[in-house]
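Presented below is the structure to which this report refers.
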Amino acid sequence: MNTCDYWKNRKVLVTGGSGFLGSHLCQRLCDLGAEVHATSRACRPIREGGPIWWRSDLSSLDEGRALLSKYRPEVIYHLAGSVGASPSKDLVLPTFQSLLVSTINLLILSTELGCRRLILAGSLTEPSSQEAHQTPSSPYSAAKWAASGYGRMFHSLYGTPVVILVPFMTFGPGQHPKKLIPSVIISLLKGEVPRLTSGLWEADWVYVDDVVQGFIAAGEAPDVEGKTFDMGSGTKSSVRSIVEILVRQMGVHVKPAFGAISDRPMEPIRVANVEQARQQLGWECSTILEKGLRQTVDWYAARFQATGTF
């Protein structure tokens with residue numbers, strides 16, 4: 001069965017469907033013919049060719065039960081939750097409620113009501129099992145780490161059909177303007193000097209279309225329940241090198257202010273293990289870094305030219 005045949009009329013729930021990755025995933029699933037339901041904390045208009053929106057707080061077990069009982073999705077993608085890797089204490093409770101509690105609620109409901117597959121979005125900031133001292137670097141990291149642990153536990157104890165995907169540093173069109181790559185592009189479009197950290201931190205950067213294809217593959221692949229897959233390129237590049245590529249591609253003569261902002265403490269440097277996804281999902285990153293950055297620059301430049309805003 002090909003991808004289009006597999007998803008045709010299949011009921012899918014995407015939590016956090018209005019977010020960066022969620023919006024791209026919803027559109028891809030709609031294009032494949034799935035019946036896509038998506039949740040958001042805010043009201044969203046329903047447009048032709050797009051998902052069916054539901055305003056829902058998944059930190060409420062009762063709200064989640066009402067939604068899943070009514071629509072009985074076969075595949076659930078859980079992407080909802082507070083985002084932000086800041087070490088601020090103010091994020092402890094918001095990330096606990098929106099990331100961990102919502103995940104546990106969906107695990108309970110998926111186990112009780114049944115579904116074909118529940119796909120959880122992990123985080124590259126989660127401590128690695130290879131680390132001698134596994135200490136989360138932020139409230140977000142701790143909540144994601146605990147959520148993944150609950151996912152593995154539910155699969156082992158209760159047979160919940162959980163798959164965990166770990167997107168690495170995802171970028172592309174439509175990302176929040178305050179994220180690194182969009183913020184640099186926007187500053188350069190305005191002729192402003194980007195204020196940055198030292199730029200020495202390295203990450204595994206992956207284009208959003210590739211990550212979405214990985215999520216699609218994880219929804220289709222047989223016999224992958226209970227497993228965790230990295231979604232990345234398998235290589236790393238520094239922030240400084242990414243910014244230098246953007247400056248060159250945009251043809252500007254602005255010198256970014258590296259070191260104007262303090263580096264985050266305990267920022268992990270990790271590279272995706274790509275072999276497991278290649279072997280079991282038939283997936284690998286296919287967009288060359290410079291091509292993905294070029295497409296991202298073009299998207300923001302076109303939006304700025306057309307509207308004067310972002």
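These numbers come from a predicted model, not from an experiment. Numbering of residues begins at 1 and proceeds along the displayed sequence.
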Under 4.5 Å between side-chain heavy atoms, counting indirect links through other Ile/Leu/Val/Met/Phe/Trp/Tyr residues: same cluster for Val193 and Leu189 or not? yes

If we only count heavy atoms from C-beta on, is the Arg117 to Glu220 side-chain gap below 4.5 Å? no

Could you walk me through whether Ser86 and Ser88 satisfy the side-chain hydrogen bond (donor to acceptor under 3.5 Å, both in side chains) test, starting with their C-alpha distance in whole Å, then the side-chain angles of each, then the deciding distance to 0.1 Å, before giving a yes or no? CA-CA 5 Å; Ser86 165; Ser88 171; 4.7 Å; no

With a 6.0 Å cut-off (strictly less than), is the heavy-atom count around CD of Gln305, excluding the residue itself, greater than 12? no

Do Trp145 and Gln134 touch side chain to side chain, with heavy atoms closer than 4.5 Å? yes

Distance-only side-chain donor-acceptor flag, Glu126 / Ser148, under 3.5 Å: yes

Could you check whether any side-chain heavy atom of Thr135 comes within less than 4.5 Å of a side-chain heavy atom of Pro127, counting everything from C-beta outward? no

Are Arg10 and Val75 side-chain neighbours, meaning at least one heavy-atom pair lies under 4.5 Å? yes

Of the non-hydrogen atoms in Asp57 and Glu63, which two are nearest, and what is the gap between them? N-OE1, 2.8 Å

A side-chain contact here means heavy atoms from C-beta on lying under 4.5 Å apart; do Lys227 and Gln276 qualify? yes

Minimum heavy-atom separation for Tyr77 to Trp7, with atom names? OH-CH2, 3.4 Å

Do Cys115 and Pro73 have side chains that approach each other closer than 4.5 Å (heavy atoms only, starting at C-beta)? no

Under the 3.5 angstrom rule, does the side chain of Ser110 hit a backbone N or O of Leu107 as a donor-acceptor pair? no

Working for salt bridge (charged side-chain N to carboxylate O under 4.0 Å, His left out), residues Glu284 and Arg278: CA-CA 6 Å; Glu284 60 184 337; Arg278 182 183 292 121; 3.1 Å; yes

Under 4.5 Å between side-chain heavy atoms, counting indirect links through other Ile/Leu/Val/Met/Phe/Trp/Tyr residues: same cluster for Val274 and Val163 or not? no

Do you know the tightest heavy-atom contact between Trp283 and Ala217? CB-CB, 4.5 Å

Under 4.5 Å between side-chain heavy atoms, counting indirect links through other Ile/Leu/Val/Met/Phe/Trp/Tyr residues: same cluster for Phe96 and Tyr140 or not? no

Audit row: Glu290, Arg248, salt bridge (charged side-chain N to carboxylate O under 4.0 Å, His left out) steps and yes/no: CA-CA 11 Å; Glu290 293 212 9; Arg248 184 173 67 251; 3.1 Å; yes

Worked check of side-chain hydrogen bond (donor to acceptor under 3.5 Å, both in side chains) between Gln213 and Asp209: CA-CA 6 Å; Gln213 190 55 43; Asp209 287 356; over 6 Å; no

Could you tell me if the ring centre of Trp54 sits under 6.0 Å from that of Tyr71? yes

Is the charged tip of Arg270 near the ring of Phe168: under 6.0 Å from the six-membered ring centre and within 45° of its axis? no

Taking the six-membered ring of Phe154 (Phe, Tyr or Trp), confirm whether the NZ or CZ of Arg152 is under 6.0 Å from its centre and within 45° of its axis. no

Close side-chain approach of Ser69 to Leu113, heavy-atom, < 4.5 Å: yes

Residue pair Thr111, Thr160: steps toward the side-chain hydrogen bond (donor to acceptor under 3.5 Å, both in side chains) verdict: CA-CA 6 Å; Thr111 307; Thr160 313; 2.6 Å; yes

